[in-house]
Undergrad: 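First, the structure itself, so that you have it in front of you.
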Amino acid sequence: MCGRYASFREAQDLADAFAIDAALVEPAVRELAPSWNVAPTQDVRIVVERTPKGEPDGPVERSLRLARWGLVPSWAKDPSVGNRMINARVESLVDKPAFAKPFAARRCLVPADGYYEWKKLEPAPGSSPSGRARTPKQPYYITPADDDVAALAGLYEFWRDPSRAADDPRRWLVSTTIVTMPASDDLAGIHDRMPLVLPRSAWDAWLDPSVGAEGASALLGQTPELMRFREVSSLVSNVNNDSPALLAPVD
C-alpha cells in the first residue's frame, strides 16, 4: 500500500511539469505548505481535467487543485468512510462500487517527489514468540531514478455534506485515492504493493474524461517507472515529524 509520501515542490514547478496554465492553479494549492510526510486525511495536490464550472459543453481544462486523501464516495453518509479508502487496488477498480464510477470518468494524477514503504524485518533474537511483540519494520524512501516528479495514478470524487446549506462553499468535499499495483521485481523485497507511477506518455489519456473504463484499463499495464530507494529513519513513522531530514539515508 501507499500510506505516506513526500510532496515539497513549488506549485508553479508542478504546473510547469504537467503543462497547467498558471490561472488554473487553485489558490489554495499555492498556499499549501510543502510536506516530507504527507499522511491520509490531509489535503493533497491533484491534477485533473474537467470542463469549467457551469459550462458542461465548454473545453476541458487541466488544473491543479486540492483534495482530501481518502476517497469519499458520493453516496457515503459521512466522510469518515474515506479513512479506509486511501488506496485503490488495480485488481478491483472496475468491480468495487466506490471506485468504478470515478475510474470511468474522474481520474487524476497525484504529484509526489517520492513515497515511503516499510519492510518487515525478522524478529530480534530472544524476542517473545507469542506474537504480542510488534514486528520491527525498516522504512524506505522510494523516488524516481531520474529525480523527476512521480505522477501517481489516482481517482477523485465529490461528496456533498447534507448538513450544510446549498450556498455554503464548504458543502462539497473533493477527495482522492491512490491506485496501487503488485510491486515490481526490484521493489518486491520491500513490500508486495506499490503505487502505480504513470509515465509521461500515459498522462494525457489517464486524465482525459472522455476515455472510459475500457481505455483506462489499458493504461494499468504500463511498465513501472524506474525507481530507486534507500533506508531512512524511523522518524517518518510519526506523522508529527515533517522536515527534509526524513529523506536522509541511514546505515
Side-chain angles (χ1 to χ4, degrees), residues 2-55 58-72 74 79 82-83 85-88 102 105-116 143-144 147-161 164 168-179 195-198 200 202-209 239-240 242-244 246-247:
C2 176
R4 298 281 180 81
Y5 69 94
S7 181
F8 47 81
R9 298 190 190 214
E10 294 286 342
Q12 189 56 53
D13 291 338
L14 292 179
D16 294 341
F18 290 95
I20 298 171
D21 187 280
L24 295 177
V25 177
E26 192 176 61
V29 169
R30 297 189 184 278
E31 298 169 3
L32 186 69
S35 178
W36 291 263
N37 198 3
V38 182
T41 74
Q42 293 180 347
D43 284 340
V44 300
R45 301 178 289 191
I46 63 172
V47 179
V48 303
E49 285 191 359
R50 295 180 58 82
T51 56
K53 186 176 181 181
E55 301 179 33
V60 172
E61 297 177 335
R62 182 175 297 186
S63 62
L64 187 62
R65 64 179 302 167
L66 291 188
R68 194 176 87 162
W69 187 10
L71 190 133
V72 180
S74 59
N83 299 349
M85 296 191 185
I86 65 170
N87 292 154
R106 287 184 291 279
R107 298 177 300 275
C108 65
L109 295 174
V110 182
D113 290 281
Y115 70 96
Y116 300 96
T143 187
D147 291 323
D148 198 1
V149 62
L152 311 184
L155 312 176
Y156 69 100
E157 187 58 280
F158 295 95
W159 179 78
R160 182 169 180 172
D161 187 342
R164 297 188 181 277
D168 188 335
R170 298 170 297 172
R171 71 188 184 282
W172 287 104
L173 171 68
V174 183
S175 60
T176 189
T177 186
I178 294 173
V179 177
L196 172 57
V197 184
L198 290 173
R200 285 180 179 269
W203 291 2
D204 290 350
W206 181 261
L207 292 173
D208 189 346
V239 71
N240 293 319
D242 189 3
S243 77
L246 298 181
L247 308 186

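Every heavy atom of this structure was used, including side-chain atoms; hydrogens, water molecules and symmetry mates were not.
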Undergrad: Is the shortest heavy-atom distance from the side chain of Tyr156 to the side chain of Arg106 under 4.5 Å?
TA: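 Yes - at least one pair of side-chain heavy atoms lies under 4.5 Å apart.
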Undergrad: For Arg62 and Ala19, indicate whether the former's side chain and the latter's backbone hold a donor-acceptor pair under 3.5 Å.
TA: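 A pair under 3.5 Å: no.
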Undergrad: Sub-3.5 Å donor-acceptor pair from the side chain of Thr51 to the main-chain atoms of Pro59, do we have one?
TA: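 Pair absent, no side-chain N/O of Thr51 close to backbone of Pro59.
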Undergrad: When rounded to the nearest 0.5 angstrom, what is the spacing between CG in Asn240 and CG in Asn37?
TA: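 The CG atom of Asn240 sits 9.0 Å away from the CG atom of Asn37.
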Undergrad: Check whether any side-chain heavy atom of Tyr115 lies under 4.5 Å from a side-chain heavy atom of Ile178, and answer yes or no.
TA: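 Tyr115 vs Ile178: side chains apart.
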Undergrad: Please identify each residue that fulfils side chain to side chain contact (heavy atoms under 4.5 Å, CB included) with Pro209, with sequence neighbours left out.
TA: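 Expected list: Glu49, Val60.
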Undergrad: Please check if the side chain of Arg107 supplies one atom and the backbone of Trp206 the other of a donor-acceptor pair under 3.5 Å.
TA: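 Side chain of Arg107 to backbone of Trp206: a pair is present.
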Undergrad: Using a 3.5 Å distance criterion without hydrogens, assess whether the side chain of Asn87 forms a donor-acceptor pair with backbone atoms of Val179.
TA: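 No, the answer is negative, given that no donor and acceptor are paired below the 3.5 Å cut-off.
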Undergrad: Going by the salt bridge (Lys or Arg N to Asp or Glu O under 4.0 Å) test, which pairs reach into residues 14-24, not counting sequence neighbours?
TA: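 For residues 14-24, and leaving out neighbouring residues, there are no salt bridge (Lys or Arg N to Asp or Glu O under 4.0 Å) pairs at all.
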Undergrad: So, using salt bridge (charged side-chain N to carboxylate O under 4.0 Å, His left out) as the criterion, who are the partners of Arg164 when residues are at least two apart?
TA: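 Arg164 satisfies salt bridge (charged side-chain N to carboxylate O under 4.0 Å, His left out) with Asp161, Asp168 only.
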Undergrad: Flag the pair Thr41 / Asn83 as yes when at least one side-chain heavy-atom distance between them is below 4.5 Å, and no otherwise.
TA: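 Heavy-atom side-chain distance check passes, below 4.5 Å.
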Undergrad: Is any side-chain heavy atom of Tyr5 less than 4.5 Å from a side-chain heavy atom of Val110?
TA: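 A side-chain contact exists here, since the closest heavy-atom pair is under 4.5 Å.
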Undergrad: Does Glu26 use its side chain to pair, donor to acceptor, with the backbone of Leu66 at less than 3.5 Å?
TA: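 Answer holds: yes.
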